[in-house]
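As the structure is a prediction and not an experimental result, all values here were calculated from the model.
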Number of protein chains: 2
Amino acid sequence: MKTLRLNSNDRAVLLGSCFFEKLPLAATNAILDDVVVSTHEEHDILFGHGEPLDHVFFVLSGLVRLYRLGKDGREADIAVFPKGELFGESAMFLGNRATANAQTIETTMLARIDSRKLRKLAEQTPEIADALMQLLCRHAQMAEDCLAEDRLLTAPQRVASYILGNCPDGITNFSFRLPFQKNVLAGKLGLAPEALSRAFSALRRSGVTVKGRVIEIHDRQALERF
Amino acid sequence: MKTLRLNSNDRAVLLGSCFFEKLPLAATNAILDDVVVSTHEEHDILFGHGEPLDHVFFVLSGLVRLYRLGKDGREADIAVFPKGELFGESAMFLGNRATANAQTIETTMLARIDSRKLRKLAEQTPEIADALMQLLCRHAQMAEDCLAEDRLLTAPQRVASYILGNCPDGITNFSFRLPFQKNVLAGKLGLAPEALSRAFSALRRSGVTVKGRVIEIHDRQALERF
DNA sequence: GATTTTATTTGATCGAGGTCAAACCGCCTT
DNA sequence: AAGGCGGTTTGACCTCGATCAAATAAAATC
């Protein structure tokens with residue numbers, strides 16, 4: 001892991017992100033004043049469940065996975081964060097202890113924000129507090145969505161739901177490229193890779209074509225009904 | 001549903017709750033200034049997924065269930081809130097729309113806090129903002145815990161984990177009473193009632209006795225190993 | 001206490017998805 | 001072109017937990 005400072009491209013990613021875009025520039029500058037950038041190889045462990053954590057992380061590029069470990073060593077993904085996402089924020093309000101393990105999935109660059117400082121800024125700046133609360137809500141909802149999908153949907157239905165989530169409404173014919181390996185998608189959906197593969201082939205009958213990482217949809221309605 | 005004002009017992013429940021206990025009295029009073037109390041029969045629907053929601057709810061007594069609906073009408077519990085818990089707060093930061101359905105499980109009394117006002121108070125009072133953020137984190141973590149348990153543990157293991165969560169550490173022998181019907185516990189753990197029943201009988205071999213709502217543990221270690 | 005009604009348990013069956021092993025494929029290297 | 005490698009797919013098998021039906025227990029009502 002090497003550490004650097006923010007360059008102008010990094011700044012652009014930060015400013016365009018969901019968290020920072022609504023903040024006044026002064027607030028953003030105050031937060032970013034002393035951030036450090038770190039680069040990581042794929043599969044680098046960022047922190048472990050329960051460890052002290054005094055940073056919040058922003059993904060400048062790459063991909064990070066949050067997961068928990070079972071007694072037997074099996075892993076369950078909690079969330080996957082692509083470029084532009086902020087994570088690790090909940091430790092800030094829960095005794096500065098990580099609530100899960102974090103690992104890079106690809107070569108990744110992260111901006112590290114001092115959590116003590118961010119918390120202090122949030123106290124002084126209602127806009128920051130508000131942005132944080134929105135972030136927390138979105139993350140809570142991601143987990144709730146996942147939980148509900150796990151409990152209500154079969155594997156092919158979860159995959160259909162994921163595809164539809166990446167397809168603008170009102171369009172029947174659509175194609176897009178997976179932003180990561182199928183491997184990772186399987187983990188995110190709580191499936192074994194084999195099950196994901198079988199789910200895709202089940203969806204073929206509903207007009208879904210898979211070529212490598214490219215997914216093609218020929219009949220949105222059929223997918224929605226699935 | 002009848003509506004009333006806060007009585008002194010209600011106030012005691014509020015003041016002793018996790019959310020309010022750390023707040024300065026002035027802040028608490030500001031929040032509680034114009035709350036309304038509503039009483040509900042069991043199975044009363046409080047709000048539906050996606051509906052406009054301009055209150056945050058505090059459970060004065062009884063039990064409330066948050067759940068999502070599948071296309072086929074099946075229900076998946078997201079959370080269960082007993083007396084002393086605050087819920088519905090995430091709608092406040094996500095466009096005032098409920099992120100799930102809510103229903104009472106028993107006869108229940110709720111205090112309704114105007115969410116616009118609470119949000120305004122949070123802007124002015126860092127302590128309130130902080131308490132809200134902690135609440136959001138706890139709720140996010142509840143969902144993440146659930147998700148991880150669903151993905152990593154079998155039914156008996158989830159039940160064991162629930163029991164252990166209600167048993168002080170360092171004690172081998174312990175007994176407690178379920179705070180709700182087995183029915184409800186099954187939903188909370190993402191199980192069919194039959195599966196919960198079978199899980200209990202599987203745990204009998206590890207020193208767990210179930211008599212009605214009373215659970216007895218004779219060997220904490222055995223449970224932890226399970 | 002007798003009788004309904006509701007909650008829980010038990011039995012039997014079935015399907016979804018995990019696991020292991022092997023085949024396959026694209027991609028990179030040599 | 002041949003080989004090697006990692007990711008993906010397919011096949012075979014098996015376990016867990018859902019579901020349906022029936023039996024039992026517990027609570028509520030009369």
Side-chain angles (χ1 to χ4, degrees), chain A residues 41-43 63 65 70 72-77 105-107 146-162 177-205 208-215 226, chain B residues 41-43 63 65 70 72-77 105-107 146-162 177-205 208-215 226:
Chain A
E41 322 223 311
E42 64 180 354
H43 303 138
L63 207 54
R65 186 171 84 96
D72 51 0
R74 289 205 347 276
E75 304 182 347
D77 283 23
I105 291 175
E106 315 171 339
T107 303
C146 246
L147 183 63
E149 294 213 338
D150 273 23
R151 290 183 173 181
L152 291 171
L153 305 182
T154 65
Q157 288 175 322
R158 299 216 283 274
V159 177
S161 159
Y162 173 79
R177 197 183 147 77
L178 288 178
F180 33 61
Q181 288 181 204
K182 298 212 177 106
N183 216 349
V184 177
L185 178 57
K188 189 176 145 79
L189 298 178
L191 295 172
E194 296 94 326
L196 174 64
S197 182
R198 282 187 245 269
F200 273 130
S201 80
L203 292 177
R204 208 161 301 151
R205 286 175 255 309
V208 175
T209 317
V210 181
K211 281 198 292 279
R213 279 198 189 178
V214 178
I215 315 276
F226 200 94
Chain B
E41 322 223 312
E42 63 179 356
H43 303 138
L63 207 54
R65 184 171 86 97
D72 52 0
R74 291 205 344 277
E75 303 181 349
D77 283 24
I105 292 176
E106 314 171 340
T107 303
C146 247
L147 185 63
E149 295 212 338
D150 273 23
R151 291 182 172 181
L152 291 170
L153 306 182
T154 64
Q157 288 175 323
R158 298 217 283 273
V159 176
S161 159
Y162 173 79
R177 195 183 149 76
L178 288 178
F180 32 63
Q181 288 182 207
K182 298 214 176 101
N183 215 351
V184 177
L185 177 58
K188 188 176 146 77
L189 298 178
L191 296 173
E194 296 94 325
L196 175 64
S197 182
R198 283 187 244 268
F200 272 131
S201 81
L203 292 176
R204 208 163 299 150
R205 285 175 257 307
V208 174
T209 317
V210 180
K211 280 199 291 280
R213 279 199 190 178
V214 178
I215 315 277
F226 201 91

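Between A:L147 and B:D150, the shortest heavy-atom distance links the atoms CD1-OD2, 3.6 Å. Here the shortest heavy-atom pairing between A:G70 and B:L152 reads N-CD1, 3.6 Å.
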Pairs under 3.5 Å (N/O, protein and nucleotides 4-8 of chain C):
from: C:dT8; atom 1: OP1; to: B:K182; atom 2: N; distance (Å): 3.0
from: C:dT8; atom 1: OP2; to: B:N183; atom 2: N; distance (Å): 3.2

Each nucleotide of nucleotides 11-30 of chain D classed B (base within 4.0 Å of a protein heavy atom), S (only sugar-phosphate) or -, in 5' to 3' order, makes BB----SSBB----------
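Using modelled atom types, no side-chain atom of B:K188 and backbone atom of B:N183 make a donor-acceptor pair closer than 3.5 Å.
Residues B:E41 and B:E106 form no side-chain contact, since every pair of their non-hydrogen atoms from C-beta on lies 4.5 Å or further apart. Annotation: side chain of B:L196 is not in contact with side chain of B:Y162 (no heavy-atom distance under 4.5 Å). Side-chain contact between A:T209 and A:I215 is absent, with no heavy atoms from C-beta onward closer than 4.5 Å.
For B:S197, there are no side chain to side chain donor-acceptor pair (under 3.5 Å) partners, not counting sequence neighbours. The side chain to side chain donor-acceptor pair (under 3.5 Å) test applied to A:R74 returns A:D72, not counting sequence neighbours.
One atom, CG of B:L152, and another, P of C:dT19, lie 11 Å apart when rounded to the nearest Å. Rounded to whole Å, atom P of C:dG18 lies 11 Å from atom CG of A:L189.
Taking a cutoff of 4.0 Å between a charged side-chain nitrogen and a carboxylate oxygen, A:E75 and B:R151 do not qualify as a salt bridge.
Direction of the helix axis in the helix from C:dG1-D:dC30 to C:dT30-D:dA1 shifts by 40° between the two five-pair termini, rounded to 10°.
Nearer to the 5' terminus of DNA chain C, by closest-nucleotide assignment, is the contact made by B:F200 (compared with the other of A:P193 and B:F200).
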Tabulate below the donor-acceptor pairs under 3.5 Å that side-chain atoms of residues 153-161 of chain A make, not counting sequence neighbours, or state none.
from: A:T154; atom 1: OG1; to: A:Q157; atom 2: N; distance (Å): 3.4
from: A:T154; atom 1: OG1; to: A:Q157; atom 2: OE1; distance (Å): 3.3
from: A:Q157; atom 1: OE1; to: A:T154; atom 2: N; distance (Å): 2.9
from: A:R158; atom 1: NE; to: A:L189; atom 2: O; distance (Å): 3.0
from: A:R158; atom 1: NH1; to: A:L153; atom 2: O; distance (Å): 3.0
from: A:R158; atom 1: NH2; to: A:L189; atom 2: O; distance (Å): 3.1
from: A:S161; atom 1: OG; to: A:E149; atom 2: OE2; distance (Å): 2.7

